[in-house]
There are 2 protein chains.
Amino acid sequence: MVRSVFEKSDAIALVAEVFRELGYEGASMSEITARTKLSKGSLYHFFPGGKEQMAAEVMANIDAWFVTEMFRPLEEEEPRAAIARMWETTDSYFRSGHRVCLIGAFALDETRDRFSTAIRGYFHHWIEALCGALLRGGVPGAEAKMLAEEAVIGIQGALTLARALEDETVFGRTLARLKHRLETALG
Amino acid sequence: MVRSVFEKSDAIALVAEVFRELGYEGASMSEITARTKLSKGSLYHFFPGGKEQMAAEVMANIDAWFVTEMFRPLEEEEPRAAIARMWETTDSYFRSGHRVCLIGAFALDETRDRFSTAIRGYFHHWIEALCGALLRGGVPGAEAKMLAEEAVIGIQGALTLARALEDETVFGRTLARLKHRLETALG
DNA sequence: GATCTTCTAAACTGATCGGTCTATTAACGA
DNA sequence: TCGTTAATAGACCGATCAGTTTAGAAGATC
């Protein structure tokens, strides 16, 4: 089955990192080929739809990763344990704030309009999964919804501030604060 | 003194809106001329340094606005009143979450490296001004620092989420939550 | 090893990029 | 009214853009 060293999934991961670093508009084909070391031939072989398809598949790939690593555990496993693992997963995925949220970044400019369904789905799913875990953990409905929203907002804001201030500590500090707040609510 | 209908300050405001909507890389000169109705001749007359100068002057202009409308009041006026006004100013400036924070958006991709001093300065000043007001309001040092950081993080995160979810209510709800938290700390 | 498919390399295309230049118009001070 | 300067319009420039094409290398299947 494996026909070469590079599979499409590898190409997706490499391209994702370029979009993360440069944004959708900033990621020109020449930057993508330079940073991934993949030729245009390879890229257009995997993604005949060009840049837009690349971004769409990158986002689908990120979404799928979060579903298996975070959303499904939140929905199916013991709430306290799943939420505890969510903080670890978040910290390691975003590399303690060094890595940006590609989907959050796409949401800010008119790039959003191209991918609004995927962007909305990702954040909606995250909040719903976390809210559900809080509810199963005994947190009342209105508070669970509020806390889940606050957590996702805090993560996104902390990513922005970490890069803006070039501060290595603010992301971890924010995760700790949010974690404590959710644990308090869970009793 | 006034030599024409359009002054440079008008051009800055128009160009700012284009950067806000499209991001730095997404704001091509043709988009800027189309959306501002300013010809290349006018733009390069005001900004001989091109796109980079436009962005730099836009950021300086935003920073100056926040200094007079928010940071200086926080530093000089009665803390509780200044903080109360901060929430109003924030809500109206970001148009209840419909408008993005240009400086926060620039922080996310490699655009940050061009403007890192201005970006860092803006957020640092905001947090410091708010922290100072909380301190003068009687909040203990460590808590004031934490709350100020939390407020700015919450604002940035809420802007991201408001656009991502296309939700009209999340920004106002977040401001109310943060406002309540700071007022509780102020006693 | 022959053959067939997948994948890669890079030359090439027309369109658009950021930026320059020249000609012209508008607003001012005298 | 005249001369000077600020401001505008848009043709134009080389470079780079996203995307296409063609030819060949690398694997897989037999």
Side-chain angles (χ1 to χ4, degrees), chain A residues 1-59 61 102 105-106 109-115, chain B residues 1-59 61 102 105-106 109-115:
Chain A
M1 273 302 166
V2 176
R3 301 185 62 90
S4 74
V5 177
F6 275 106
E7 303 206 38
K8 186 170 177 179
S9 61
D10 298 313
I12 289 174
L14 290 170
V15 171
E17 221 48 41
V18 182
F19 279 128
R20 234 189 287 275
E21 289 160 4
L22 299 174
Y24 183 77
E25 294 295 340
S28 66
M29 285 308 299
S30 68
E31 279 291 342
I32 293 172
T33 57
R35 297 190 183 209
T36 63
K37 311 291 180 194
L38 292 167
S39 70
K40 286 189 160 195
S42 300
L43 287 165
Y44 278 93
H45 170 73
F46 288 128
F47 310 103
K51 232 176 108 166
E52 184 147 351
Q53 186 186 349
M54 289 178 211
E57 296 215 26
V58 160
M59 295 178 75
N61 185 69
L102 181 148
F106 279 14
D109 59 37
E110 288 192 7
T111 303
R112 184 201 52 177
D113 302 341
R114 292 177 185 250
F115 307 110
Chain B
M1 271 302 166
V2 176
R3 301 185 62 91
S4 74
V5 177
F6 274 107
E7 303 206 38
K8 185 170 175 178
S9 60
D10 298 313
I12 289 175
L14 290 171
V15 170
E17 221 48 41
V18 183
F19 279 128
R20 233 189 288 276
E21 290 161 3
L22 300 175
Y24 184 77
E25 295 293 340
S28 65
M29 286 306 301
S30 68
E31 278 292 341
I32 293 172
T33 58
R35 296 190 184 210
T36 63
K37 310 289 179 195
L38 292 168
S39 70
K40 285 188 161 196
S42 300
L43 287 166
Y44 278 92
H45 170 74
F46 289 129
F47 311 103
K51 228 175 112 167
E52 184 148 352
Q53 186 186 350
M54 291 177 209
E57 295 215 28
V58 160
M59 294 178 77
N61 185 69
L102 181 147
F106 279 14
D109 59 37
E110 288 190 8
T111 304
R112 184 202 52 179
D113 302 342
R114 292 178 186 248
F115 307 111

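Here is the naming used below: chain letters follow the sequence lines, and residue numbers restart at 1 for every chain.
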Please report the distance, rounded to the nearest Å, between [atom1] in [X] and [atom2] in [N].
X: A:Lys37; N: C:dA9; atom1: NZ; atom2: C1'; value: 15 Å
X: B:Phe46; N: C:dG19; atom1: CZ; atom2: C1'; value: 18 Å
X: A:Met54; N: D:dA18; atom1: CE; atom2: C1'; value: 9 Å
X: B:Leu43; N: C:dG18; atom1: CG; atom2: P; value: 12 Å
X: B:Asp10; N: D:dA7; atom1: CG; atom2: P; value: 12 Å
X: B:Phe19; N: C:dG18; atom1: CZ; atom2: C1'; value: 12 Å
X: B:Glu52; N: C:dG19; atom1: CD; atom2: C1'; value: 13 Å

*In a check of side-chain contact (heavy atoms from CB on, under 4.5 Å) between A:Leu102 and each of A:Glu21, A:Arg20, A:Glu17, which one passes?*
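Exactly one pass, corresponding to A:Arg20.
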
*Can you find a side chain N or O atom of B:His45 that sits less than 4.0 Å from OP1 or OP2 on D:dT8?*
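So the side chain of B:His45 is outside the cut-off, no N or O lying under 4.0 Å from OP1 or OP2 of D:dT8.
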
*asked:* Under 4.0 Å, heavy atom to any atom of DNA chain C: which of residues 21-31 of chain B qualify?
replied: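 Residues of residues 21-31 of chain B that come under 4.0 Å of DNA chain C are, in numerical order, B:Ala27, B:Ser28, B:Met29, B:Ser30.
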
*Which sits closer to the 5' end of DNA chain D, A:Tyr44 or B:Ser42, going by the nucleotide each is nearest to?*
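The residue mapped nearer the 5' terminus is B:Ser42.
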
*asked:* Which heavy atom of A:Val18 sits nearest to which heavy atom of A:Ala27, and what is that distance?
replied: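 Taking A:Val18 first and A:Ala27 second, the nearest heavy atoms are CG1-CB, 4.2 Å.
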
*Considering only side-chain heavy atoms of B:Lys40, which listed nucleotide, D:dG10, C:dT8, D:dT8, is closest?*
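My answer, after comparing the listed nucleotides, is D:dG10.
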
*Between A:Met29 and A:Leu43, is any pair of side-chain heavy atoms under 4.5 Å apart?*
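A side-chain contact exists here, since the closest heavy-atom pair is under 4.5 Å.
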
